[in-house]
Amino acid sequence: MSFSSVHARLTLLALLSATTFYCFYKSRRLRNLKLTTLSLNPNPNPNPKILFLSETGTSKSLANRLHRFLALNDVVVDLIDGRNYEPEDLPKETLILIVASTWEDGKPSPAYRFFADWLAESSEDFRVGSLLLSKCRFAVFGVGSRAYGENFNAVGKDLGKRMKALGAAELVPLWEGDVDGGDLDGVFDKWCGKVVGLLKGGGDVVVVGGLENGDVERGVLSSDEEESNEEEEAESEIVDLEDIAGKAPSRKSVTTVKETNGKLNGKKEMVTPVIRANLVKQGYKIIGSHSGVKICRWTKSQLRGRGGCYKHSFYGIESHRCMEATPSLACANKCVFCWRHHTNPVAKSWQWEMDDPLEIVNSAIEQHTNMIKQMKGVPGVTLERLNEGFTPRHCALSLVGEPIMYPEINALVDELHKRRISTFLVTNAQFPEKIKALRPITQLYVSVDAGTKDSLKAIDRPLFGDFWERFIDSLTSLKEKHQRTVYRLTLVKGWNAEEVDAYYNLFSLGEPDFIEIKGVTYCGSTATSKLTMENVPWHADVRAFSEALALKSQGGYEVACEHVHSCCVLLAKTKKFKIDGQWHTWIDYEKFHDLVASGSTFDSKDYMAATPSWAVYGAEEGGFDPAQLRYRKERHHKSTRKGSEMVTLFSRPSNPR
């Protein structure tokens with residue numbers, strides 16, 4: 001017998017032995033699996049489960065609504081937070097309904113990644129097999145924002161795929177809810193109806209009156225009856241701020257305007273009825289279909305002679321003559337410190353019906369004037385200041401959203417300048433091409449919310465995948481602007497307040513005239529923000545950070561001004577704005593308007609004015625105008641108690657706008 005023949009026989013024998021062993025192992029595995037899922041499955045709590053994966057509270061809210069709806073239809077289920085669920089118990093389940101939100105990068109919130117990772121690893125482990133969940137039925141409702149493109153509802157899709165790979169039977173195909181651009185509540189209601197209908201062995205159960213209030217009628221309707229029911233108009237009502245993310249009441253119940261697929265009269269709306277209702281409740285005046293105006297607390301303050309905002313101290317605006325507005329309520333970020341609590345829509349580009357810039361300006365001034373009129377008779381408001389307030393001289397295009405997204409932003413700015421109204425525009429550094437195309441404005445701000453790519457992603461939660469490149473391009477484009485430019489830094493302790501070196505490295509990109517550094521404004525604990533007062537820096541922290549940045553610049557920038565009440569500090573270019581030892585951070589507004597009207601080329605040095613001594617950094621007044629009457633509110637903090645003594649604190653930042 002030849003050597004090759006022996007070698008072939010040995011190889012064949014080894015192959016047969018391996019095959020026999022694998023088949024034996026597989027049969028034992030399947031037998032053990034059946035014992036696990038059948039004989040060894042006492043399941044002390046046999047009820048079906050509703051499992052939610054939620055970060056901001058949206059999925060949790062929807063899961064609670066589903067739980068109430070099932071109870072009203074005599075279906076007993078357990079409601080469980082996914083972070084507290086043991087995935088090893090999945091083989092014991094017979095029915096599981098999942099409501100899952102997608103967080104950053106198409107992944108679940110960190111608190112729920114163990115559950116998702118367990119499913120993914122199990123479905124890819126050949127030792128587990130495809131029968132692990134063969135006794136389980138499931139349905140998934142995904143919650144996300146379509147504005148995030150390919151990551152839209154990625155978690156829901158992945159969970160459904162993994163469950164099926166492990167042998168679970170899909171009760172209802174994946175349904176998807178869009179928190180920003182769709183009727184989330186309406187879609188969820190229909191999904192619930194289908195789920196309950198299948199569980200009860202009939203057609204779809206139709207939700208009448210909305211799930212959120214428990215006003216649900218039980219019944220099974222035909223498809224014709226369902227379509228008829230959908231055409232009924234709901235009553236209008238105002239909802240709480242938190243309701244915008246899928247909480248009660250539904251989007252159907254906040255408008256008397258009939259909608260079709262999120263469009264109004266065939267055109268897509270930026271301000272949906274629920275967004276409009278929430279913004280109006282917060283004091284916004286909605287202009288047309290995508291703009292807004294609101295009276296600032298500092299406008300009221302200076303009308304009463306109680307002091308102006310930081311822009312009064314730094315740049316000499318008259319706060320009682322300042323109009324806060326925006327031509328675009330939409331934004332391309334979902335910042336963690338957004339003081340609007342994400343009540344505005346998000347998008348990467350302009351997708352909506354567009355209003356005329358002249359109409360926006362006229363309506364904004366009219367609405368602003370009407371709000372000023374309401375200050376008549378308020379203690380401290382004099383007739384002189386009231387009459388001045390009726391004629392705004394400044395417009396802060398920073399109310400909410402991304403003003404530069406508005407396609408006719410240049411025409412709108414021109415309309416304001418024709419009325420000799422100065423313009424302070426804030427952009428979130430995601431539209432560099434818009435910055436480059438922007439005509440001269442009084443002062444251009446770019447929000448610089450972090451010094452590194454990872455921090456910016458965590459804080460701003462941008463929609464764009466190339467957010468960092470857009471950010472860098474936006475900063476670089478400031479070099480090409482001849483008018484005043486500003487980096488606006490918002491310090492958040494525990495997030496970006498330690499990135500002095502990283503921030504300094506960004507200085508050379510845009511070479512801004514000024515750098516504003518302010519402490520984050522605490523807007524209360526909400527489902528959309530995990531910030532607490534522990535994340536809010538003291539004014540001493542902001543001063544220390546500012547001085548460290550100035551020191552890094554080696555004389556290129558110095559600390560010029562501060563506004564203690566707003567926890568805000570200003571750095572300015574030394575060679576440009578410090579003349580003969582005196583700062584010139586203020587603006588000659590009349591000179592600016594003359595320069596704009598002339599049509600000639602000019603730069604920031606041509607309309608600067610001297611800064612008063614009370615606004616200069618380190619002044620005894622702390623940036624408070626001595627011509628105003630300082631009014632101090634007594635705020636007693638338990639953390640400052642020492643025996644019976646109470647300490648009054650003034651240096652936490654109020655909203656500086």
Side-chain angles (χ1 to χ4, degrees), residues 295-324 368 372 375 378-396 398 421-422 424 442-443 445 484 486 488 514 516-519 521 539 542-543 546 558-572 577-578 581-592 607-635 648-657:
I295 189 169
C296 173
R297 60 155 296 205
W298 288 107
T299 300
K300 298 177 183 178
S301 176
Q302 196 155 22
L303 278 170
R304 302 180 70 183
R306 293 184 174 183
C309 71
Y310 77 95
K311 290 193 288 292
H312 173 61
S313 302
F314 295 177
Y315 314 118
I317 76 159
E318 300 170 279
S319 299
H320 67 299
R321 306 184 76 180
C322 182
M323 176 176 70
E324 192 174 30
H368 176 78
I372 294 293
M375 294 296 294
V378 174
V381 177
T382 64
L383 182 60
E384 179 185 3
R385 283 196 293 265
L386 190 67
N387 288 332
E388 289 177 343
F390 290 149
T391 308
R393 281 289 169 258
H394 316 282
C395 182
S398 61
I421 297 175
S422 66
F424 283 57
T442 312
Q443 189 155 288
Y445 287 80
R484 295 161 65 107
V486 185
R488 187 177 190 179
F514 304 101
E516 284 182 11
I517 305 164
K518 68 183 185 69
T521 300
H539 186 61
V542 176
R543 287 180 61 129
S546 303
E558 291 182 16
V559 187
C561 305
E562 67 180 327
H563 191 250
V564 176
H565 191 96
S566 294
C567 203
C568 195
V569 171
L570 180 71
L571 302 187
F577 295 98
K578 195 172 188 180
Q582 183 178 9
W583 284 111
H584 286 68
T585 65
W586 275 36
I587 297 171
D588 185 335
Y589 293 99
E590 295 306 314
K591 182 69 175 296
F592 169 79
Y607 58 100
M608 63 184 180
T611 310
S613 59
W614 55 263
V616 173
Y617 187 70
E620 183 180 355
E621 294 86 351
F624 184 85
D625 187 345
Q628 300 281 304
L629 178 64
R630 187 156 196 170
Y631 179 80
R632 297 177 183 266
K633 288 185 178 179
E634 292 281 327
R635 291 188 177 92
T648 305
L649 304 175
F650 304 104
S651 54
R652 285 285 192 181
S654 61
N655 192 335
R657 302 287 168 181

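- Side-chain atoms of Arg321 and Thr299, non-hydrogen and from C-beta on, never get closer than 4.5 Å to each other.
- The closest donor-acceptor contact from the side chain of His312 to the backbone of Glu318 lies at 3.5 Å or more, if one exists at all.
- You'll find the side chain of Ser313 stays beyond 4.5 Å of the side chain of Cys561, heavy atoms only.
- The side-chain heavy atoms of Arg484 and Phe577, taken from C-beta on, include a pair separated by under 4.5 Å.
- Side-chain contact between Leu571 and Ser546 is present, with heavy atoms from C-beta onward closer than 4.5 Å.
- A tilted orientation is assigned to the rings of Tyr315 and Phe424, their planes being inclined by 30° to 60°.
- For the pair Leu303/Ser319, no side-chain contact is recorded, criterion being any heavy-atom separation below 4.5 Å from C-beta on.
- For the side chain to side chain donor-acceptor pair (under 3.5 Å) with Tyr310, the lone residue among Lys518, His565, His563, Glu516 that qualifies is Glu516.
- The closest side-chain heavy-atom distance from Val564 to Phe624 is not below 4.5 Å.
- Aromatic ring centroids of Phe514 and Phe314 lie 6.0 Å or more apart.
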Stepwise side-chain contact (heavy atoms from CB on, under 4.5 Å) check, Glu324 with His368: CA-CA 8 Å; Glu324 192 174 30; His368 176 78; over 6 Å; no
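- His394 and Tyr589 have their aromatic ring centers within a separation under 6.0 angstrom.
- The side-chain heavy atoms of Ile372 and Leu386, taken from C-beta on, include a pair separated by under 4.5 Å.
- Residues meeting the side-chain contact (heavy atoms from CB on, under 4.5 Å) test with Glu384, sequence neighbours left out: Thr382, Glu388.
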Tell me which donor-acceptor pairs under 3.5 Å the side chains of residues 608-615 have, and how far apart each pair is, sequence neighbours excluded?
unit_1	atom_1	unit_2	atom_2	d
Thr611	OG1	Trp583	O	3.3
Thr611	OG1	Thr585	N	2.8
Thr611	OG1	Thr585	OG1	2.7

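- Considering only residues two or more places apart in sequence or on other chains, Arg543 meets the salt bridge (Lys or Arg N to Asp or Glu O under 4.0 Å) condition with Glu562.
- Considering only heavy atoms from C-beta on, Gln628 comes within 4.5 Å of Gln302 through its side chain.
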